[in-house]
Amino acid sequence: MLLLIAGAGAATGPFVQGRTGTGAVLLLVFVLLAGLTSPLVFPRSVGASQARRRSAVDGRPVVFWRPGCAYCMRLRLRLGRRARRLYWVDIWRDPAGAELVREANGGDETVPTLLVAGRTYTNPDPAWVREQVSSPR
């Protein structure tokens, strides 16, 4: 939301000065940034305990992420449709998820952190994650 407000503010000057092209480009850039960093781009988040229970049953990886994280966005985009096969936990909304991430990363909330078959992996290569999602369990 803040990016949209900032974009409107940045585009106002050029629009008022009659430079509509510049204003439109600025506004478009801020709208795209807002969209890319939005939690709406990610599959629906679940709680850490629910994700871990589901993962124990079906073997799907759990991704701990947070809005605005460029590495999380890279992972999400590189997974494409496969992203819906993982369980996504927003650590800013789930304290238990944030705690698990801190335990796995020496007190830091480094994301994305994946939980695969009971082991954690911090910022893994998206190609490796795709393999984990594609391989039968």
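Bear in mind the structure is a predicted one, so any value in this text is a computation, not a measurement.
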Practice prompt. Please round to the nearest 0.5 Å and tell me the distance separating atom CZ of R119 and atom CG of L114.
Written response: 12.5 Å
Worksheet entry | Residue pairs fulfilling salt bridge (Lys or Arg N to Asp or Glu O under 4.0 Å) with at least one residue in residues 95-117, sequence neighbours excluded | E99-R102, R102-E109
Response to the item:
So SG of C72 and CG of N123: to nearest 0.5 Å the spacing works out to 8.0 Å
Item to complete: Can you sort out the partners of V25 under side chain to side chain contact (heavy atoms under 4.5 Å, CB included), two or more places apart, ordered by chain and number?
Response: V29
Practice prompt. Could you tell me which residues satisfy side chain to side chain donor-acceptor pair (under 3.5 Å) with T12, sequence neighbours excluded, listed by chain and number?
Written response: none
Worksheet entry | From W65 atom CH2 to T113 atom OG1, the distance as rounded to the nearest 0.5 Å | 13.5 Å
Worksheet entry | Common cluster, L75/V133, ILVMFWY with side-chain heavy-atom separation under 4.5 Å | yes
Worksheet item: What residue pairs, at least two apart or across chains, pass salt bridge (Lys or Arg N to Asp or Glu O under 4.0 Å) with a residue in residues 20-35?
Response: none
Worksheet item: What's in the same ILVMFWY side-chain cluster as L115, cut-off under 4.5 Å, chained through other members?
Response: V46, V62, F64, Y87, V89, I91, W92, L100, V101, V111
Discussion item. Which heavy atom of F30 sits nearest to which heavy atom of G7, and what is that distance?
Written reply: CG-CA, 3.2 Å
Item to complete: Specify the closest pair of heavy atoms between R60 and R84, including all atoms of both residues, with the distance to one decimal.
Response: NH1-O, 4.2 Å
Worksheet item: side chain to side chain contact (heavy atoms under 4.5 Å, CB included) with A96: which residues, sequence neighbours excluded?
Response: A48, D94
Discussion item. Within the structure provided, determine whether R93 and S45 are in side-chain contact (heavy-atom separation under 4.5 Å).
Written reply: no
Response to the item:
Residue pairs meeting side chain to side chain donor-acceptor pair (under 3.5 Å), one or both in residues 18-29, sequence neighbours left out, come to Q17-R19
Fill in: Results of side chain to side chain contact (heavy atoms under 4.5 Å, CB included) for A83 - residues two or more places apart only
P43, R76, L79, W88
Worksheet item: Quick one: ring pair (Phe, Tyr, Trp, His ring centres under 6.0 Å) partners of Y121, sequence neighbours excluded?
Response: W128
Worksheet, complete the sentence: Minimal heavy-atom distance between P112 and P124, with the atoms involved, is O-CD, 4.0 Å
Worksheet item: If you look only at pairs with a residue in residues 45-55, which of them pass as a salt bridge (Lys or Arg N to Asp or Glu O under 4.0 Å), with sequence neighbours excluded?
Response: none
Discussion item. Could you tell me if the side chain of V116 sits less than 4.5 Å from the side chain of V129, heavy atoms only?
Written reply: no
